[in-house]
Trainee: 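One structure, pasted below without further comment.
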Amino acid sequence: MADNLSDALKKLKITAVDSTADSLEGCLDCLLQALAQNNTETSEKIQKSGILQVFASLLTPQSSCTAKIANVIAEVAKNEFMRNPCVDAGLIPPLVQLLNCKDQDVLLQTGRALGNICYDSHTLQSQLINMGVIPTLVKLLGIHCQNSALTEMCLVAFGNLAELESSKEQFAYTNIAEELVKLFKKQIEHDKKEMIFEVLAPLAENDIIKLQLVEAGLVECLLEIVQKTVDSDKEDDIAELKTASDLMVLLLLGDESMQKLFEGGKGSVFQRVLLWILSNSHQLQLAGALAIANFARNDGNCIHMVDNGIVQKLMDLLDRHVEDGNVTVQHAALSALRNLAIPVVNKAKMLSAGVAEAVLKFLRSEMPPVQFKLLGTLRMLIDAQAEAAEQLGKNVKLVERLVEWCEAKDHAGVMGESNRLLSALIRHSKSKDVIRTIVQSGGIKHLVTMATSEHVIMQNEALVALALIAALELGKYLYG
């Protein structure tokens, strides 16, 4: 084989200039056979022979050998040490040109070659993006959607390119959303769906593409998957349920896509997602609570949801996770309640519904993400609510926990929110009893420290709280 390979490489150099296609194909077949037997060793010999530079001139749509040449390049580029030599040989420009060819075998091998050369190199992938491969590949996906090998090649390419931020703007100007949703609807096999999901997830980080995916009907596909897999204990179904529900939450992070699905609170998608928090599946409870938190990103939506009973559903969900509950579900439900508590008109309603009491059940939590959301929810609830601020400010267990968390130096978010809530209890209650409780629990020193914070808002909040202490003739607490 070694002699055959050497002969083939010599012949290739000679016949590349003046030969028949048959003799060229014979040499290429010999190379492919050698690569199949020992890819690394054969690739080294190909590199030393200088044949890569010859390939650059042979990659033309007119040649009947083009597919085999691209196949050889794809095989050698599986080796990391061969990728730079392929670039240096000038193979990328002619390969990119071949993506406009109509021959499906040439397209497949060309895609493989480019994918392998640029594998794991953001620099080379960016070069491909700048050369305009994205609209070309999207067009190929639409034209050759019946060719499973070509479809797979396009999906792999999209998956690699979509990780780059610069690609998303180009994808947004194509009909990628429509093509992927169309393709997704045809899939039965889990592996194929998973491959499309891997492209959808990074693309859906772009707000324009989020809206395009919603308009292309992806949400209906996701809801159908959830419905089919929610009661299954098969590993593939559980994975699909997670991916579909996670992607739904991601789509709701875009303002326009979220509002389109909310439809004034009457949208069927919104109504179905609300039911997720009633599910026995922790994954669906989590996705449902996160979806509500995402819908609750403007006052109108928040007011509508509170008026239509969402608070009780979230409190019921939290109740299911008080003792040894799922931390991610706790965090998501608290996030939703915090967002819902932002509009002024919702605060009193949520306090009357018992939200503060429901949240205080998690005061014992040792999980910083839960602590952070708990603190934020209470701070939102008591904003300009004097009675609630006084009631919470006189709660010794709460204040002692806040003072403890004010020293949580490993968790800056928890420490900051604890300080802000301490200050808020004083500012909104203007109560001597609250001040006494905070003083007796050792909270004053934290307010003094907060007044020197690098954050202006926190400085101001601390100074107002300290000024109130002085104004309420309690200066002795400040000055000893």
Trainee: Determine whether the side chains of Asn301 and Gln259 contain a donor N or O and an acceptor N or O closer than 3.5 Å.
Mentor: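 Gln259 and Asn301 do have a side-chain donor-acceptor pair below 3.5 Å.
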Trainee: Sub-3.5 Å donor-acceptor pair from the side chain of Gln371 to the main-chain atoms of Ser365, do we have one?
Mentor: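 Such a contact is found between Gln371 side chain and Ser365 backbone.
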Trainee: Taking Glu189 first and then Lys193, would you say they form a salt bridge - that is, a charged N and a carboxylate O separated by under 4.0 Å?
Mentor: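 Looking at Lys193 together with Glu189, the answer is no, because their closest N to O distance does not fall below 4.0 Å.
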Trainee: Return the minimal non-hydrogen interatomic distance between Lys349 and Asp307, and the atom names on each side.
Mentor: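 Looking at all heavy atoms of both residues, the closest pair is NZ-OD1, 2.9 Å.
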Trainee: Is it true that a side-chain atom of Asn79 and a backbone atom of Phe81 form a donor plus acceptor pair closer than 3.5 Å?
Mentor: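 Checked: no pair found.
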Trainee: Quick check on the 6.0 Å ring-centre criterion: do His331 and Phe372 meet it?
Mentor: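 Centroid distance His331-Phe372: not below 6.0 Å, so no.
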Trainee: Output yes when a side-chain donor or acceptor of Asn326 lies under 3.5 Å from a complementary backbone atom of His282, and no otherwise.
Mentor: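 Between the backbone of His282 and the side chain of Asn326 there is no qualifying donor-acceptor contact (under 3.5 Å).
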Trainee: From Leu137 CG over to Leu150 CG, what is the distance, rounded to the nearest 0.5 angstrom?
Mentor: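 If we round to the nearest 0.5 Å, Leu137:CG and Leu150:CG are 10.0 Å apart.
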Trainee: So does Cys118 get a backbone contact from the side chain of Ser121, meaning a donor-acceptor N/O pair under 3.5 Å?
Mentor: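 Absent.
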Trainee: Tell me whether Gln212 contacts the main-chain N or O of Asn175 through its side chain, where contact means a donor paired with an acceptor under 3.5 Å.
Mentor: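 Looks like no, no N/O pair under 3.5 Å.
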Trainee: Under 6.0 Å from the CD atom of Glu169, do we count more than 12 heavy atoms belonging to anything else shown?
Mentor: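 No, not enclosed.
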Trainee: Can you tell me if Gln125 uses its side chain to pair, donor with acceptor, with the backbone of Leu164 under 3.5 Å?
Mentor: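 Looks like no, no N/O pair under 3.5 Å.
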Trainee: Distance only, no hydrogens: is a donor on one side chain within 3.5 Å (strictly under) of an acceptor on the other, for Asp316 and Gln312?
Mentor: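 Present: a donor and an acceptor within the cut-off.
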Trainee: With a 3.5 Å cut-off and no angle check, do the side chains of Thr42 and Asn38 form a donor-acceptor pair?
Mentor: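 Absent: no donor and acceptor within the cut-off.
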Trainee: Pick one: which of Leu284, Ile238, Leu241 meets side chain to side chain contact (heavy atoms under 4.5 Å, CB included) with Thr229?
Mentor: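 Among Leu284, Ile238, Leu241, the one that satisfies the side chain to side chain contact (heavy atoms under 4.5 Å, CB included) with Thr229 is Leu241.
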Trainee: For Val249, does its backbone N or O pair with a side-chain atom of Asn294 as donor and acceptor, under 3.5 Å?
Mentor: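 The answer is yes, because a donor-acceptor pair under 3.5 Å joins these two groups.
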